[in-house]
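Computed from a prediction, not measured in an experiment: that's the story for all the values here.
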Amino acid sequence: MNLVIVESPAKAKTINKYLGADYEVLASYGHVRDLPSKDGSVLPDDDFSMHWEADAKGAKRLSEIAEAAKRADRVILATDPDREGEAISWHVLEVLNKKKALKDTHVERVTFNAITKSAVLEAMANPRQLDMELVEAYLARRALDYLVGFTLSPVLWRKLPGARSAGRVQSVALRIVVDREMEIEKFKPQEYWSIEADLNADSPPFTARLVKHAGKRVQRLDIKDEATAKAARAAIQAGDFTINSIEKKPVRRNPAPPFTTSTLQQEAARKLGFTAQRTMQAAQKLYEGVDETGGLITYMRTDGVSVSPEGLAQAREVIGKEYGPAYVPSEPRYYKVKAKNAQEAHEAIRPTNIARHPDSVRLDSDLQRLYELIWKRMVASQMEAARLDRTTVEIETSDGQTGLRATGQVVTFDGFLAVYEEGRDEKQKGAEGDEGEDDARRLPALKEGARAKVDAIRTDQHFTEPPPLFGSHSGQEAGRAGHRPPLDLRLDPVDPARPRICPRRQKPLLPRGQGPPGHGLPGAVLQEVGRIRLHRRPGDPAGRGVGRRPELEGAAAQLLAGLPRRDPGRRGTAHHRHPGRPERKPGRPYLPGQGRRL
């Protein structure tokens, strides 16, 4: 008899059907042992020896596995194909050896990236031994979790009663969130005005924006006050405009690569409104499968964007049948991750059978929507590029003192846009400026030298806005190309999909005016505590840390002394008692919408 050990009971049932009566498949239900929450679990002076314990449920499952192992001729460790899965297999093997349940039993390790019959049978035909480098990476991470967390958490509990824990990830996350709060507090809004005109040149009306005033080029923030805006408006009203030039430029847009864990979470937040936790729960169910057909998607914890040859062939076949040969590129598209620390141990997230169209499967609402998103992204990633004509029209007065510009684009071949277009955050949209919005406009047929008549002028006041607070999916791309690490919080480059902190709702992390349960902590207090806790003072020796320092304890105690307790039955914080609009805090500008219009 062959004993197969997996993590999930749902996965165990499916795999048992594939393997037949000669196999018994048992589930470990995730991790089976952990470091106990007490001193001495990790001993740095004893070569970092670690003492593990299993809880009651884990001990019962281990006993069941040990009993089955005694009857087995072969034990196959088939936990997930990542570092945590390797660690679970190692824990199970260690316990079986201690219980002397193996004796002459042969032990093998197998991994599969998708729960399909072909993937499982292929994995069983190609077993290997445990990857001890992955196991040692796991052990180092757990030792750091314990040593850092058990040192910092008591300090945090003394200073912020009701807080949960500090550690390897939480402390870095708090530092980044505090830095953002400080950026917001220091931010000073800058007034600027945008000026647009509706024109016609013996054509349907179109919109152009001011790019030249008094003979000088005008950038987005150049018109800083109402007086300048009125002067520019008057110049447009008095001007006699002619179309000076029309430039058409062909543009190609290539599709985005298939999903990794982080990009799946970002896109599910943008398009479906899912939190990271909700996305991963749905993805786990899709990976394990909901019926006898097996898993619907490949392994969902990955930072790789490559696709197996089988997946590429399936995608190209589906594209040809569904959309026609014009949408199939001459060669498959191959993607690579730009990040230097990407492991790329697994292929990208994709449907296990791309021919299984979303309309042909019946799933729960969340699963259906997420599966459709993954299917569309995968299919689009292998489609032909979209082709567009981007048009720029320059319109000036005869004296050259005032100039307007109209831009727009026309899709000449939709390509992958027929299936899918990647979403963008509001911050990304705003970063592109006015031209990003103009590009989406459609322009009528225009002729050079034609006179353009002004129908209407819009002069709008705006203010620059501070950087936003981090949400449950924002900032994940910051972990790449030397930027800040992701903020929800995927701070582990080896396994970015197993967060140590993940907000339960789609809301800003550490929003202003909210703190640990039981206290109404204003943003200023959070900021100051963060500054004391996380920024070394000048002259502090490197690595001094945040132990019991008198200046730290005194300053934090002074900040926290006298803070009002929050009423558990009352929403909001003590300093936001007004039932209407909260009063504005000093330091953060109040921006009334997008200003006003003349």
Side-chain angles (χ1 to χ4, degrees), residues 113-114 116 118-119 122 247-264 266-267 271 296-300 302-340 342-361 371-392 407-424 428 432 436 439-440 442 477 480-481:
N113 197 48
T116 61
S118 60
E122 182 181 355
E247 180 185 357
K248 291 186 178 181
K249 183 179 179 181
V251 178
R252 289 173 62 89
R253 282 185 59 188
N254 291 313
F259 283 128
T260 63
T261 301
S262 62
T263 55
L264 175 64
Q266 292 170 59
E267 198 72 344
K271 291 184 178 292
L296 295 174
I297 64 171
T298 56
Y299 193 56
M300 67 287 172
T302 176
D303 59 1
V305 291
S306 61
V307 177
S308 67
E310 176 189 5
L312 293 176
Q314 286 182 6
R316 292 171 64 82
E317 182 180 354
V318 168
I319 294 167
K321 288 181 178 178
E322 294 280 340
Y323 303 97
Y327 290 82
V328 184
S330 58
E331 294 181 355
R333 293 184 179 272
Y334 298 97
Y335 298 92
K336 290 188 67 177
V337 175
K338 295 179 182 178
K340 294 181 180 179
Q343 303 298 302
E344 294 193 84
H346 318 299
E347 65 174 310
I349 302 171
R350 65 170 179 87
T352 53
N353 181 6
I354 301 174
R356 188 184 290 125
H357 194 279
D359 293 340
S360 68
V361 294
Y371 178 76
E372 182 177 3
L373 188 70
I374 294 170
W375 186 90
K376 286 183 175 180
R377 176 77 166 229
M378 175 60 211
V379 170
S381 71
Q382 290 300 316
M383 293 180 74
E384 187 60 81
R387 294 191 291 272
L388 309 94
D389 279 342
R390 183 168 295 166
T391 305
T392 303
T407 58
Q409 62 187 19
V410 177
V411 178
T412 58
F413 175 69
D414 54 4
F416 74 92
L417 295 176
V419 179
Y420 178 85
E421 183 172 8
E422 187 176 22
R424 296 179 298 169
Q428 291 174 306
E432 296 177 4
D439 279 345
R442 301 289 294 271
E477 287 298 316
R480 304 184 181 190

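Across every non-hydrogen atom of Pro250 and Asp389, the tightest pair is CA-OD1, 3.8 Å. The two residues Val337 and Gly304 make their nearest non-hydrogen contact at CG2-CA, 4.2 Å.
Partners of Arg377 under the side-chain hydrogen bond (donor to acceptor under 3.5 Å, both in side chains) rule, at least two apart in sequence or in another chain, are Tyr420. Among residues two or more places apart in sequence or in another chain, the side-chain hydrogen bond (donor to acceptor under 3.5 Å, both in side chains) test is passed with Thr412 by none. The salt bridge (Lys or Arg N to Asp or Glu O under 4.0 Å) search around Glu322 returns none, not counting sequence neighbours. Looking at residues two or more places apart in sequence or on another chain, you find a side chain to side chain contact (heavy atoms under 4.5 Å, CB included) between Ser381 and Pro258, Tyr335, Met378.
Environment of NZ in Lys376: sparse, with no more than 12 heavy atoms of neighbouring residues, nucleotides or ligands closer than 6.0 Å.
A heavy-atom distance below 4.5 Å is found between the side chains of Glu267 and Leu373. Side-chain contact check for Thr260 versus Val305: some heavy-atom pair is nearer than 4.5 Å. Taking the side chain as every heavy atom from C-beta outward, Thr407 and Arg390 never approach each other to under 4.5 Å. Ile349 is not listed as a side-chain neighbour of Tyr299, based on a closest heavy-atom distance of 4.5 Å or more. Counting only heavy atoms from C-beta outward, the side chains of Tyr371 and Pro351 approach each other to under 4.5 Å.
Sequence neighbours left out, the pairs with a member in residues 248-263 that pass salt bridge (Lys or Arg N to Asp or Glu O under 4.0 Å) are Arg252-Glu384, Arg253-Glu421.
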Subject >> Stepwise side chain to side chain contact (heavy atoms under 4.5 Å, CB included) test for Val318 and Trp375 >> reply: CA-CA 11 Å; Val318 168; Trp375 186 90; 4.0 Å; yes

Show the atom names and distances, to 0.1 Å, of all donor-acceptor pairs under 3.5 Å that link a side chain in residues 323-333 to residues at least two apart or in another chain.
residue	atom	partner	partner atom	Å
Tyr327	OH	Asp414	OD1	2.7
Arg333	NE	Met383	O	2.9
Arg333	NH2	Met383	O	3.3

